[in-house]
Undergrad: 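Take this structure, written in structure tokens, and hold onto it; I'll ask about it next.
All figures in this text were calculated on a predicted structure; none of them were measured in a lab. Each chain gets a letter, A, B and so on, in the order its sequence line appears, and its residues count up from 1.
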2 protein chains.
Amino acid sequence: MEHAPWSKNGHPVAAYWNMGCPNANAAFAELIRVSRRDMRARCVMQLASERARHVFLPFAGWLVAAKVDPDGARQIVDFVLPGDVFDPATASTAIAAVDVAAVDNVQLAMIPRKAWHGYLETHHAAWALSVRQTAAGYGRMAERMLRLGKSSAETRIAYAICELCLRADPFGLVADRAFHLPLTQQVLGEYVGLSSVHVNRTIRAMARAGVLDYHGQLEVIIHDLAALAAMAQIDPAELRAAIIPSPG
Amino acid sequence: MEHAPWSKNGHPVAAYWNMGCPNANAAFAELIRVSRRDMRARCVMQLASERARHVFLPFAGWLVAAKVDPDGARQIVDFVLPGDVFDPATASTAIAAVDVAAVDNVQLAMIPRKAWHGYLETHHAAWALSVRQTAAGYGRMAERMLRLGKSSAETRIAYAICELCLRADPFGLVADRAFHLPLTQQVLGEYVGLSSVHVNRTIRAMARAGVLDYHGQLEVIIHDLAALAAMAQIDPAELRAAIIPSPG
DNA sequence: GCCCGCCGATAACCTGGGTTAACGCGCGTC
DNA sequence: GACGCGCGTTAACCCAGGTTATCGGCGGGC
């Protein structure tokens with residue numbers, strides 16, 4: 001992993017949010033400069049129902065937005081990938097709806113919410129991108145809710161793999177059909193609403209069926225994309241359009 | 001139900017979105033005037049993955065945002081209540097993420113998306129309200145996702161009743177603890193991810209336990225709010241803050 | 001008036017996935 | 001090098017909730 005990627009204008013995340021506008025570039029760089037952080041895996045940065053002070057913008061590594069129920073079971077509401085900006089605020093904007101934590105080691109910016117919203121109000125292209133990101137997040141949650149409510153374990157897991165593969169792709173993390181999810185089976189289970197044991201059963205069965213291959217820590221190789229998409233009950237192109245915020 | 005409520009300045013939904021500003025008032029009234037509709041129960045106004053042309057603003061009656069899976073099972077992603085503005089667009093903003101349909105008979109405005117977004121850009125208070133509504137919707141989905149993924153039937157249903165009671169309240173539809181949900185048990189099941197049979201089993205058990213009372217078509221009376229909140233695993237005040245977009 | 005379709009209510013039966021427990025492996029610590 | 005711990009893997013058991021079927025009531029259409 002490269003060193004301090006946000007300091008480089010050429011970093012894909014910076015380019016994504018600057019959108020080539022030198023004016024925005026300076027303002028954005030200043031926002032980042034003062035709010036960059038490194039966090040270790042599992043570090044919790046925001047607790048649900050505490051004050052929401054920052055939006056989160058990872059440059060490298062993944063975050064989770066999650067809720068924990070009284071018995072300690074965790075449901076992951078969404079992953080936050082490099083380039084995504086995540087605002088945990090609820091209706092009463094001072095309070096966070098969810099916990100935010102690092103999945104793996106993360107380089108990110110924790111930007112004060114007011115500063116970020118000020119940036120959006122004065123930089124129209126960034127604002128428009130933010131609107132598309134929000135809509136994309138809504139689309140993802142709708143898709144996942146459908147599967148959480150109605151679908152078999154196989155469908156849920158196949159869908160999660162498709163979704164995360166698509167989302168990981170824009171920043172070139174995916175070579176062909178082989179890619180790395182920085183997730184334990186436990187965490188994947190918290191995402192799709194299954195126990196880690198059943199995640200294991202299901203993934204193994206998919207591997208046995210020749211649909212995909214994987215090695216520890218979810219190093220995934222998709223062998224039969226058509227079959228995987230069928231299990232996930234999606235059309236890859238359509239899902240991409242619904243779920244990936246296109247820049248520009 | 002009163003006649004053509006949108007034509008009256010005093011209508012609570014209009015007041016909510018005008019926020020007393022006479023300028024906004026006129027612009028808002030014009031938006032509504034040209035886009036108002038009446039729809040019968042179950043009428044579908046938007047199909048997922050078709051072009052998203054309108055935002056939906058009900059004045060009376062409820063809408064659903066839902067997805068249908070290949071076997072025809074429907075998952076309700078969110079309800080749209082009087083005063084809520086719902087934009088079904090995805091990441092590629094031309095396409096809708098979800099179906100939108102009327103739950104019961106509905107009086108609403110179907111406002112062209114561009115016109116609505118233009119209104120928001122030129123009326124700051126309305127824009128701020130819209131941001132809070134979006135955040136509230138996110139908070140609701142996060143809460144419901146937690147329960148879809150992890151919780152028992154009892155918890156899911158108790159939560160749904162609490163949520164819908166809170167949301168129905170702001171427009172004075174709730175007298176004490178008695179209120180009406182315009183839902184069949186089938187529809188409630190599609191909301192919480194349960195079969196209608198199991199919804200019935202669970203609600204009956206709750207009634208037998210003295211927590212609530214109800215009569216056909218979900219005419220609900222809450223007898224023991226504390227017990228219901230405990231089942232739902234919520235604190236009512238906290239949930240309200242997270243989920244209800246306060247005006248102003 | 002009759003018919004029909006929708007909804008609530010229940011019972012009987014079945015299964016997908018949770019739970020628990022046990023084992024092996026790789027990695028970091030001391 | 002020994003130990004501990006997190007993770008993947010598998011097997012055995014069990015139950016919450018799905019499925020199917022049946023019945024009664026109610027409202028709407030003709």
Undergrad: Check this for me: does any side-chain nitrogen of one of Arg167(B) and Asp78(B) sit under 4.0 Å from a carboxylate oxygen of the other?
TA: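 Salt bridge flag = yes for Asp78(B) with Arg167(B).
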Undergrad: Nearest whole angstrom, please: distance from the P of dG17(C) to the CZ of Arg147(A).
TA: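 The answer, rounded to whole Å, is 15 Å.
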Undergrad: Find the distance between CG (Leu164(B)) and CG (Leu188(B)) and round it off to the nearest 0.5 Å.
TA: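 Those atoms lie 7.5 Å apart.
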Undergrad: Indicate the atoms forming the closest heavy-atom contact of Ala102(A) with Arg40(A), along with that distance.
TA: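 Result for this residue pair: CB-O, 3.5 Å.
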Undergrad: Using every non-hydrogen atom in the two residues, find where Gln133(B) and Pro245(B) come nearest and quote the distance to one decimal.
TA: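 Here Gln133(B) and Pro245(B) meet closest at CG-CG, 3.7 Å.
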Undergrad: Within the sub-3.5 Å range, which N or O atoms of nucleotides 20-27 of chain D have a protein N or O partner, and how far apart are they?
TA:
none

Undergrad: In residues 150-157 of chain A, which ones come under 4.0 Å of DNA chain D, going by heavy atoms?
TA: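 Of all residues in residues 150-157 of chain A, none places a heavy atom under 4.0 Å from DNA chain D.
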Undergrad: With a 4.0 Å cut-off on heavy atoms, is Gly193(A) in touch with a base, just the backbone sugar-phosphate, or nothing at all?
TA: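 Sugar-phosphate only.
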Undergrad: Please report the closest heavy-atom contact between Ala142(B) and Val98(A), naming both atoms and the distance.
TA: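 Of all heavy-atom pairs spanning Ala142(B) and Val98(A), the closest is CB-CG1, 4.0 Å.
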Undergrad: Decide, yes or no, whether a salt bridge links Asp104(B) with Arg42(B) under the criterion of side-chain N to carboxylate O below 4.0 Å.
TA: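 Salt bridge flag = no for Arg42(B) with Asp104(B).
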Undergrad: Taking Gln75(B) for the side chain and Glu190(B) for the main chain, is one N or O donor matched with an acceptor at less than 3.5 Å?
TA: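 Checked: pair present.
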Undergrad: Need to verify one output field. Residue with the more 5' nearest nucleotide on DNA chain D, Gln186(A) or His198(B)?
TA: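 Result of the comparison: Gln186(A).
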Undergrad: Tell me the interatomic distance from Leu218(A), atom CG, to dT9(D), atom P, rounded to whole angstroms.
TA: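 It works out to 9 Å between those atoms.
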Undergrad: Using a 4.0 Å heavy-atom cut-off to protein, can you give one letter per nucleotide of nucleotides 24-30 of chain C, 5' to 3': B if the base is in contact, S if only the sugar-phosphate is, - if neither?
TA: -------
Undergrad: Excluding sequence neighbours, so at least two apart, what forms ring pair (Phe, Tyr, Trp, His ring centres under 6.0 Å) with Phe56(A)?
TA: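 By the ring pair (Phe, Tyr, Trp, His ring centres under 6.0 Å) rule, Phe56(A) matches no residue at all.
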Undergrad: Kindly give the heavy-atom pair with the smallest separation between Pro58(B) and Leu81(B), and that separation in Å.
TA: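 Residues Pro58(B) and Leu81(B), closest heavy atoms: CG-O, 3.4 Å.
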Undergrad: Taking atom C1' of dG18(C) as reference, at what distance in whole Å does atom CD of Gln75(A) sit?
TA: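 Taking CD of Gln75(A) and C1' of dG18(C), I get 15 Å after rounding.
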Undergrad: Of Thr184(B) and Gly149(B), whose nearest nucleotide on DNA chain C comes first from the 5' end?
TA: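 Result of the comparison: Thr184(B).
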Undergrad: For Leu188(B) and dA9(C), give me the distance from atom CG to atom P, rounded to whole Å.
TA: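 Roughly 13 Å, once rounded to whole Å.
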Undergrad: side-chain hydrogen bond (donor to acceptor under 3.5 Å, both in side chains), that's the test. Do Gln185(B) and Asn200(B) meet it? Break it down for me.
TA: CA-CA 7 Å; Gln185(B) 296 180 356; Asn200(B) 185 280; 2.9 Å; yes
Undergrad: For the helix from dG1(C)-dC30(D) to dC30(C)-dG1(D), figure out the bend between the end axes, five pairs an end, and round to 10 degrees.
TA: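 For the helix from dG1(C)-dC30(D) to dC30(C)-dG1(D), the axes at either end differ by 40°.
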Undergrad: Mind checking if Ser195(B) touches a base, just sugar-phosphate, or nothing, with heavy atoms under 4.0 Å?
TA: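 If one applies the 4.0 Å heavy-atom cut-off, Ser195(B) turns out to touch a base.
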Undergrad: OP1 or OP2 of dA9(C) versus the side-chain N and O atoms of Gln185(B): is any pair under 4.0 Å?
TA: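 Affirmative; the distance criterion is met.
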Undergrad: Measuring only between side-chain heavy atoms, which start at C-beta, is Val187(B) closer than 4.5 Å to Thr184(B)?
TA: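 Answer yes - side chains close enough.
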Undergrad: To the nearest 0.5 Å, tell me how far Leu228(B) CG sits from Glu154(B) CD.
TA: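 Taking CG in Leu228(B) and CD in Glu154(B), the distance rounds to 9.5 Å.
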Undergrad: Considering all heavy atoms of both residues, which atom of Lys150(B) and which atom of Gly189(A) are nearest to each other, and what is their separation?
TA: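 So the two residues come closest at NZ-O, 4.4 Å.
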Undergrad: Is there a side-chain polar atom (N or O) of Tyr214(A) under 4.0 Å from OP1 or OP2 of dC7(D)?
TA: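 For dC7(D), OP1/OP2 do not have a side-chain N/O of Tyr214(A) under 4.0 Å.
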Undergrad: Does anything in residues 199-211 of chain A reach DNA chain C, meaning a heavy atom under 4.0 Å, and if so which residues?
TA: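 Listed by number, they are Arg201(A).
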Undergrad: Minimum heavy-atom separation for Ala52(B) to Ile95(B), with atom names?
TA: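 Closest heavy-atom pair between Ala52(B) and Ile95(B): CB-C, 4.0 Å.
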Undergrad: Drop me the distance from Leu212(B)'s CG to Cys165(B)'s SG, to the nearest 0.5 angstrom.
TA: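 Taking CG in Leu212(B) and SG in Cys165(B), the distance rounds to 11.0 Å.
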Undergrad: Knowing that exactly one of Gln186(B), Arg156(B), Glu163(B) qualifies, which makes a side chain to side chain donor-acceptor pair (under 3.5 Å) with Tyr191(B)?
TA: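 That would be Glu163(B); it is the only one of Gln186(B), Arg156(B), Glu163(B) passing the side chain to side chain donor-acceptor pair (under 3.5 Å) with Tyr191(B).
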